[in-house]
Amino acid sequence: MKMSKLFVQTQREFPSDAEVISHKMLARAGYIRKLAPGVYTFLPLMWRVLKKIENIVRQEMDAAGAQELLMPFVQPKELWEESGRWDVYGKELMRLKDRHNRDMCLGPTHEEIITSVARDGLKSYKQLPVNLYQIQSKFRDEIRPRYGLLRGREFIMKDAYSFDVDEKGLDKEYENMAKAYTKIFKRCGLDTKMVQSDSGAIGGSVSHEFMVITDTDAGENDVFYCNECDYSANSNHAVSKLPDAVVDGKDYFKEKAVKDTPNTFSIEDLCNFLKIPSTIILKTLVYIVDKKPVLALIRADKAVEETKLMNAVNGNDIRIASAAEIAEIMENNGFNAVPGFIGPKGMKNVSIIADETVKDMKNFVVGINETDKHLVGANHSDLGVELKYFDIRLVEQGELCPQCGKPLFVTKGIEVGNIFKLGTKYSKPMNAVYLDENGKTHPYIMGCYGIGISRTAAAAVEAHYDDDGIKWPLAVAPYHVVVVPVNINDELQMKTAVNIYEQLLKAGVEAVLDDRDERAGVKFKDADLIGFPFRITAGKTLQEGLVECKVRESGEVTKITPEDAVSKVIAAVRNIG
RNA sequence: CGGGAUGUAGCGCAGCUUGGUAGCGCACCUCGCUUGGGACGAGGGGGUCGCAGGUUCAAAUCCUGUCAUCCCGACCA
């Protein structure tokens, strides 16, 4: 490809609406163009990158025994009603009507479709196991798309679905996919960590996420990990042992008493007023889960992890209650306390979920639904309710690994892949069954496995860049090399460059010839920004019969003969396959 | 949906306070000059100033409404 004809417009400045590195770089270097929030055109360079990633995914999925197909993007409501998700998926599911007023939706994921495909085709245990996948645009109407390709509404995803006769088969395929995923990301130039996670709207029992750990602020997930053993988990799923699990307020309170605690609306106020540590306060938070009130009880120095709380009550949607909602809930229970003084005592018609940290508290401080008062020196028998304990706590760095007891660390991660054990979550309600050797029907045991293709591309940028631009890993770069004649009016330079370019093309290397009548600085800046892994420059060193070969990743520059430059690049490209 | 901000050429911005019919840099076209890290000079093309009302002789500018976008919180590949 000749640079003069390549459809790319680099920008001298970063777009003002970009926040994270990958978005800034991809927009400035002419890879993407925004059409609407979270909706981007993939310009030719971007499309080449995405196709490279797709091909790596394809090769590894095929090698792992999966078969590619392509399902419809627009889906009828009926299937979603069969699985029960039409009502619970929420606003991320883009719903629309066709001309006959039939309800449809844009596919955010394809469990329903693949399950219906499977039940029509997979009738016998002899046909199982099967793993089917597709690479396709998905649409999720995210509340707030941001970070460019990292959180688009329309994005490219590889989604695979496995069907087995039993759990054992699923476990095996799950392992198989985990291995394939690690390989895929490695080939894309990304080191990933496989972490335990919550299974969210997709559902199922076990799930893991593949996280790219970056030092940029683009990582949206907190990942907790242990340096001593293999434990790692997303913050929405991480568990830990508390270093100081048993707390007793007996040093502060000799006996149980109701105390005046005026204007202590926050835990901090209360600590200051009573001159006590927050560890001996029982904190009560009011949440709304699926429109119903839930009280969350937790030791006050710890925070509630909302996903865990939601799961504790089998909910789909959670948010903290507004002041007005709290007032209404209090009124329904015959109280009028304001936030800061709320507690479980006397609360009816609300779910009360206590974190495990509450279990070992003694002689603590708790709200009793009276404004400006707290009960101090309280114990569980004073709460007037039998508590149900769950782990709803947000883990913090420094807490101890649940497996080996060593301190946990936290880091930011970009989730590029996710694997789930679905079990019969879809096959059962959708009556997707096979016949065993005795002629008995059983629902398939399913798994599903996603990779964000466009997100992986963005993550690759987050992991490989410098001040001058992108440093694509060779395997996913839009082109392998740019050949730069410094001055196209210099006959020797131009002839040498064209010669190198043609040799590279002949050898199957993806090369660009920068044949633009631009000054050297412009060409070099563009080459760095776009991120060609190699740059071969035909310039003044030709007087010694040499060209320059620059490696973008390391910045290393060598003066070598044109022949050596060609062989060097060819060798590198052959090396990635 | 709550909190904050912004809409002026493909990109980045000024002009608005104090109304007088739109400007700068980059990019684009032409010519000259230049050719190893985003040169320079001259000339040129491109904008119903988000949209709709209103005030006024006159609105990018003032008023009202509306739409959109971006950032911070609840979603997820």
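Below, read A as the first sequence line, B as the second, and so on, with proteins coming before strands; counting in each chain starts at 1. Note that this is a predicted model, so its numbers are computed, not measured. Below, all heavy atoms of this structure are taken into account, side chains as well, without hydrogens, waters or symmetry copies.
Judged by distance alone, the side chains of A:Y161 and A:D159 do bring a donor and an acceptor atom under 3.5 Å apart. For the residue pair A:Y181 / A:T192, no side-chain donor-acceptor distance below 3.5 Å is found, with atom types taken as modelled. For the residue pair A:Q134/A:Q136, the side-chain donor-acceptor check at 3.5 Å is satisfied. When only modelled atom types and interatomic distance are considered, A:Q493 and A:N487 share no side-chain donor-acceptor pair under 3.5 Å. In the model, A:N311 has a side-chain atom that pairs as donor or acceptor with a side-chain atom of A:D198 under 3.5 Å.
A:D490 comes within contact range of no nucleotide atom at all, as no heavy-atom separation falls under 4.0 Å. Residue A:E518 is classed as a base contact, given a heavy-atom separation below 4.0 Å to a base. Using a 4.0 Å heavy-atom cutoff across all strands shown, A:V416 reaches sugar-phosphate atoms only and no base atom. Among the protein residues, A:R33 comes within range of the sugar-phosphate backbone only, with heavy atoms under 4.0 Å from sugar or phosphate atoms but none that close to a base. Residue A:E92 is classed as a sugar-phosphate contact, given heavy-atom separations below 4.0 Å to backbone atoms only. As judged by a 4.0 angstrom heavy-atom cut-off over every strand, A:E209 is placed among residues making no nucleic acid contact. Residue A:G539 is classed as a base contact, given a heavy-atom separation below 4.0 Å to a base. Residue A:N487 is in base contact, counting any heavy-atom pair closer than 4.0 Å across all strands shown.
For A:R140 against B:C76, a side-chain-to-base donor-acceptor contact under 3.5 Å is absent. A donor and an acceptor atom sit less than 3.5 Å apart, one in the side chain of A:E548 and one in the base of B:G36.
Spacing between atom CE of A:M157 and atom C1' of B:C76 amounts to 10 Å, rounded to whole angstrom units. Distance, A:I320 CD1 to B:C75 P: 12 Å, rounded to whole Å. Between the CD1 atom of A:I488 and the P atom of B:G36 there is a distance of 14 Å, given to the nearest Å. Going from atom CD of A:Q11 over to atom P of B:A9 covers 14 Å, rounded to whole Å. When the P atom of B:C76 is taken as reference, atom CD of A:E111 falls 13 Å away, rounded to whole Å. Between A:N236 atom CG and B:A77 atom P there is a gap of 10 Å when expressed in whole angstrom units. The CD-C1' distance, from A:Q493 to B:U35, rounds to 9 Å in whole Å. Look at CD on A:E142: it is 5 Å from C1' on B:C76, rounded to the nearest Å.
In the set B:G12, B:A77, B:A39, the nucleotide with an atom closest to the side chain of A:R455 is B:A77. When the nucleotides B:U34, B:C76, B:G25 are ranked by their closest atom to the side chain of A:R519, B:U34 comes out on top.
Taking the C1' atom of each, B:G47 and B:C13 are spaced 15 Å apart, rounded to whole Å. Nucleotides B:U64 and B:U55 are separated by 15 Å at their P atoms, to the nearest Å. When the C1' atom is compared between B:G38 and B:G25, the two are found 13 Å apart, to the nearest whole Å. With P as the reference atom, B:U30 and B:U17 are 41 Å apart, rounded to whole Å. With C1' as the reference atom, B:U61 and B:G50 are 16 Å apart, rounded to whole Å. Nucleotides B:A59 and B:C24, compared at atom C1', are 22 Å apart to the nearest Å. Only the P atoms considered, B:U48 is 25 Å distant from B:G43, to the nearest whole Å. Going from the C1' atom of B:G53 to that of B:C1 covers 28 Å, rounded to whole Å.
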From CA spacing to verdict: salt bridge (Lys or Arg N to Asp or Glu O under 4.0 Å), A:E60, A:K183: CA-CA 8 Å; A:E60 296 300 335; A:K183 219 161 153 191; 3.6 Å; yes
Salt bridge (Lys or Arg N to Asp or Glu O under 4.0 Å) assessment of A:K186 paired with A:D191: CA-CA 6 Å; A:K186 187 111 218 150; A:D191 280 323; 2.9 Å; yes
From CA spacing to verdict: salt bridge (Lys or Arg N to Asp or Glu O under 4.0 Å), A:K2, A:D515: CA-CA 6 Å; A:K2 290 188 172 153; A:D515 59 337; 5.2 Å; no
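The side-chain hydrogen bond (donor to acceptor under 3.5 Å, both in side chains) with A:Y426 is formed by just one residue from the set A:E112, A:E111, A:R85; it is A:R85.
Judged by Watson-Crick or G-U wobble contacts below 3.5 Å, the nucleotide B:A68 has B:U6 as its partner. Figure legend. B:G25 is base-paired to B:C11; pairs are counted as Watson-Crick or G-U wobble with both atom distances under 3.5 Å. With a cut-off of 3.5 Å on both Watson-Crick or G-U wobble distances, the partner of B:G20 is given as B:C57. Base pairing of B:C1 is made with B:G73, judged by Watson-Crick or G-U wobble geometry with both donor-acceptor distances under 3.5 Å. B:A42 is paired with B:U30 under the Watson-Crick or G-U wobble criterion, all donor-acceptor distances under 3.5 Å.
Comparing A:T541 and A:P15, the nucleotide of RNA chain B nearest to each residue sits closer to the 5' end for A:P15.
Residue A:E268 places its CD atom among 12 or fewer non-hydrogen atoms of other residues, nucleotides or ligands, all under 6.0 Å distant. The environment of A:Q543 atom CD is sparse: at most 12 non-hydrogen atoms of other residues, nucleotides or ligands sit within 6.0 angstrom.
Between the side chain of A:E305 and the backbone N or O of A:T307 there is at least one donor-acceptor pair closer than 3.5 Å.
Note on residues 34-49 of chain A: pairs passing salt bridge (Lys or Arg N to Asp or Glu O under 4.0 Å), not counting sequence neighbours, are A:D17-A:K34, A:R48-A:E510.
One finds a side-chain N or O of A:R12 lying less than 4.0 angstrom from the OP1 or OP2 phosphate oxygen of B:A27.
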Summary of protein contacts for nucleotides 67-74 of chain B, nucleotide by nucleotide, where a base hit scores B, a sugar-phosphate-only hit scores S (4.0 Å, heavy atoms): --SSSBBB
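Within residues 525-534 of chain A, the residues having any heavy atom under 4.0 Å from RNA chain B are, by residue number, A:K525, A:D526, A:D528, A:L529.
You can call A:F155 stacked on the base of B:A77; the centres are under 5.5 Å apart and the planes sit within 30°.
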